[in-house]
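Here's the structure, in structure tokens; my notes come after.
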Amino acid sequence: MPKSKAYVSDSDDSSEEEVKHTKKKQKKEKETEEKAVSSKTTKSENEDTIWDLGNNRQVNVRNFKGKYYVDIREMYFDKDGDLKPGKKGICLTMQQWRKFMEVVEEVDTVAKAKC
């Protein structure tokens, strides 16, 4: 019994294995292409609803499980250099967002008075 776990074929005809391998490879390539296309459409849709606040902070209106949220979040760059959402931030429901917008003028006047 060999120590390695490599597959040893009993027959010299490996054409079946090659066909299976190429079918799997083609299927994986097709799936990755479909994912790339779907991620491109998602990114272009999200770009319209993202506003930059500076200092790696963003406001984003997004859909999650059929409901819309306003997400104010600090962002970071991962190892690949992609901008990702961080832990620091707040995600408001539309009801919370509307309430916030009602009081924002009062908050602004108080903040200006203290500065």
Side-chain angles (χ1 to χ4, degrees):
M1 178 112 182
K3 290 184 180 181
S4 70
K5 293 183 180 182
Y7 178 74
V8 179
S9 176
D10 291 336
S11 67
D12 292 333
D13 186 22
S14 62
S15 63
E16 281 184 27
E17 293 173 16
E18 290 175 9
V19 170
K20 287 180 184 178
H21 180 69
T22 55
K23 284 184 179 179
K24 286 182 182 179
K25 191 174 181 180
Q26 289 173 348
K27 186 176 179 181
K28 285 182 182 179
E29 288 175 356
K30 196 178 246 187
E31 288 175 358
T32 55
E33 286 176 11
E34 288 173 357
K35 286 180 183 178
V37 168
S38 66
S39 67
K40 286 180 184 175
T41 57
T42 306
K43 286 181 183 178
S44 65
E45 290 172 1
N46 287 342
E47 287 175 0
D48 295 338
T49 62
I50 296 175
W51 294 269
D52 188 37
L53 300 176
N55 294 332
N56 289 336
R57 293 187 178 111
Q58 291 182 348
V59 178
N60 184 9
V61 178
R62 61 187 180 91
N63 186 349
F64 180 71
K65 293 188 178 180
K67 295 183 180 180
Y68 284 95
Y69 296 91
V70 177
D71 193 17
I72 304 169
R73 192 150 304 277
E74 203 168 85
M75 308 297 277
Y76 72 97
F77 290 99
D78 66 357
K79 293 178 183 178
D80 298 329
D82 296 330
L83 196 62
K84 301 281 183 173
K87 292 181 181 180
K88 295 180 182 179
I90 186 168
C91 188
L92 301 171
T93 64
M94 295 313 288
Q95 183 180 6
Q96 293 169 329
W97 176 253
R98 288 185 191 102
K99 181 67 176 174
F100 175 73
M101 292 308 295
E102 289 175 8
V103 299
V104 76
E105 287 184 28
E106 292 179 48
V107 174
D108 190 41
T109 56
V110 170
K112 286 179 181 177
K114 293 190 176 192
C115 289

Connected via hydrophobic side-chain network under 4.5 Å: [X] and [Y]:
X      : Y     : result
Met75  : Trp51 : no
Phe64  : Leu92 : no
Met101 : Leu53 : yes
Val103 : Val70 : no
Tyr69  : Met94 : no

Going by side chain to side chain donor-acceptor pair (under 3.5 Å), name the pairs with one or both residues in residues 103-115, residues two or more places apart or in two chains. Asp108-Lys112

Here the side chain to side chain donor-acceptor pair (under 3.5 Å) pairs for residues 86-95, sequence neighbours left out, are Thr93-Gln96

side-chain hydrogen bond (donor to acceptor under 3.5 Å, both in side chains) against Arg98, all qualifying residues, sequence neighbours excluded: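 Here no residue qualifies.
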
Tell me, which pairs form a ring-ring contact (aromatic ring centres under 6.0 Å, His included) where one or both residues lie in residues 71-90, sequence neighbours left out? none

Does anything in residues 70-79 pair up under salt bridge (charged side-chain N to carboxylate O under 4.0 Å, His left out), and if so which pairs, sequence neighbours excluded? Arg57-Glu74, Arg62-Asp71, Asp71-Arg73

To the nearest 0.5 Å, what is the distance between NZ on Lys84 and CG on Asn56?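 Rounded to the nearest 0.5 Å, the NZ-CG separation comes out at 14.5 Å.
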
Any chance you could pull the hydrophobic cluster mates of Val110, using side-chain heavy atoms under 4.5 angstrom and chaining through other members? none

Of all residues at least two apart in sequence or in a different chain, which pass the ring pair (Phe, Tyr, Trp, His ring centres under 6.0 Å) check with Phe100? Trp97

